[in-house]
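Since the structure comes first, as structure tokens, the remarks are kept for the end.
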Number of protein chains: 2
Amino acid sequence: MDKLKKILIDLIQLTEEEWDIIKEKLNRQEYTAKSTIIKEGRIADCIYFIEKGLLRTYYLRDGKEISTYFACDEQFITSYSSFISQTSSLEYLETIENSIVYSISFATMMELYKIASKFEKLGRLLAEKNYLCVIERTRKMQTLTAKQKYLDFIDSYNKKIVQRVPQHQIASYLGIAPESLSRVRKELSIS
Amino acid sequence: MDKLKKILIDLIQLTEEEWDIIKEKLNRQEYTAKSTIIKEGRIADCIYFIEKGLLRTYYLRDGKEISTYFACDEQFITSYSSFISQTSSLEYLETIENSIVYSISFATMMELYKIASKFEKLGRLLAEKNYLCVIERTRKMQTLTAKQKYLDFIDSYNKKIVQRVPQHQIASYLGIAPESLSRVRKELSIS
DNA sequence: ATAATTTATTGATTTCGATTAATAAGAAGC
DNA sequence: GCTTCTTATTAATCGAAATCAATAAATTAT
């Protein structure tokens, strides 16, 4: 929980008193690997801070899983569009590995927003960070070849993610077929 | 300017007093068609509310323009990543038609954020709206065929945008070659 | 109005990565 | 341990859209 505190101090200059408010609202949860936390069609009512573990979001396209996001230790994750719009989720949130998370509900966030503008700022910064992340991804998706996407992926993403996320999930995240990723990797290991 | 006032009342329940604060900070600007407002490499120091007109953002890829966003009357536009991160812009902002905009500088936004949490909320809502917009776009880019993208475009976007944005700019926005868009349109007009 | 430039159309060809299919390698379960 | 299921590799074929090339149509400038 201290990790989250540190991050919040960094991000919004949280005071001890403010931490005490937020601390009470956090809900610690443990999940085994491959647990589904948010299902498609349901509204994401929490945002999760990852104490430890590895999670992803994905959606189904013609029965196939398309991964949209990976996150591990000390990051936030949820079905963010569903969370902010409080409409039913198009995607699933699931653990890849055993994970420990702290959840904050949407209702709590709304309360916090009312309590202090600092929390509103937290909401803004989260949204902005997510925006920057997805806009970068969009651009890369549009301009890079399969090989370039993979090279970019391995050097921009957390080592833990690169090493522990199954290859076919990375492929779907990059918008390429698993067979294509396999070929790209083969090509790269030769040269 | 009244249009903006209405939108802000709607969005963040702006009071008359708050409007008076913000009103003073707005800068009215007129641009002729094809004026560049933000250049690649420069930091976007304003966000623009469009009173009237049509604008787009785009970037260059191998010398070719890739449009990333179109906006017209009563919408906000800027090089948003650059604006929120205050880092140099990867894209250009330019008018497609003669336009009248009201600009608010980054410094002003920061001031406003300090004045009242309501402005911080405005910042959050803008970021969230932009997030939702780009995440939807990303998904469509990844799952739809050229034809589906175009059909989706013409029925989700403002008529003004569909009718007045040059076809090759729409093509680049959809991530397809102008020749392909031409063929898609031909096919659609036959059936 | 006419020339120059930009934008759109059409056809031929190529290409990157998808799909299909089969096998191999790993991991999980009994 | 062996079986089953999942994941990854490899090869052959296919296809949607890109590219290349030429022309036509529409704007813009002179």
- Look at atom NZ of A:Lys3 and say whether more than 12 heavy atoms of other residues, nucleotides or ligands are closer to it than 6.0 Å.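 Result for NZ/A:Lys3: enclosed.
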Taking only the side-chain nitrogens and oxygens of [X], find out if one of them lies under 4.0 Å from OP1 or OP2 of [N].
X: B:Thr145; N: D:dA16; value: no
X: B:Lys186; N: C:dG11; value: yes
X: B:Gln167; N: C:dT6; value: no
X: B:Gln169; N: C:dT7; value: no
X: B:Ser182; N: C:dT9; value: yes
X: A:His168; N: D:dA8; value: yes
X: A:Lys34; N: D:dT6; value: no

Send over the distance from [X] [atom1] to [N] [atom2], rounded to a whole Å.
X: A:Asn98; N: C:dA28; atom1: CG; atom2: P; result: 11 Å
X: A:Leu188; N: D:dT10; atom1: CG; atom2: P; result: 13 Å
X: B:Glu179; N: D:dC20; atom1: CD; atom2: C1'; result: 9 Å
X: A:Ile66; N: C:dA18; atom1: CD1; atom2: P; result: 11 Å
X: A:Met141; N: C:dC16; atom1: CE; atom2: C1'; result: 15 Å
X: A:Lys64; N: D:dT6; atom1: NZ; atom2: C1'; result: 16 Å
X: A:Arg164; N: C:dA27; atom1: CZ; atom2: P; result: 14 Å
X: A:Ile176; N: C:dT15; atom1: CD1; atom2: P; result: 20 Å

- Message: With heavy-atom distances below 4.5 Å as the criterion, would you say the side chains of B:Glu136 and B:Lys140 are in contact?
- Response: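 In contact.
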- Does a side-chain N-to-carboxylate-O contact under 4.0 Å join A:Lys149 and A:Asp152?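 Looking at A:Asp152 together with A:Lys149, the answer is no, because their closest N to O distance does not fall below 4.0 Å.
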- Less than 4.0 Å between a side-chain N and a carboxylate O, is that true for A:Glu94 and A:Lys34?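 Salt bridge flag = no for A:Glu94 with A:Lys34.
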- Query: Should B:Glu111 and B:Lys25 be marked as a side-chain contact (heavy atoms from CB on, under 4.5 Å) after you check the CA-CA gap, both sets of side-chain angles, and the distance that decides it?
  - Reply: CA-CA 10 Å; B:Glu111 274 179 52; B:Lys25 319 262 186 182; 2.8 Å; yes
- Any N or O donor-acceptor pair linking the side chain of A:Arg183 to the base of D:dA11 at under 3.5 Å?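 By the distance-only test, yes, there is a pair.
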- Query: Across the strands shown, which category fits A:Leu181 at heavy-atom distances under 4.0 angstrom: base, sugar-phosphate, nothing?
  - Reply: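 Since no nucleic acid heavy atom lies under 4.0 Å of A:Leu181, the category is nothing.
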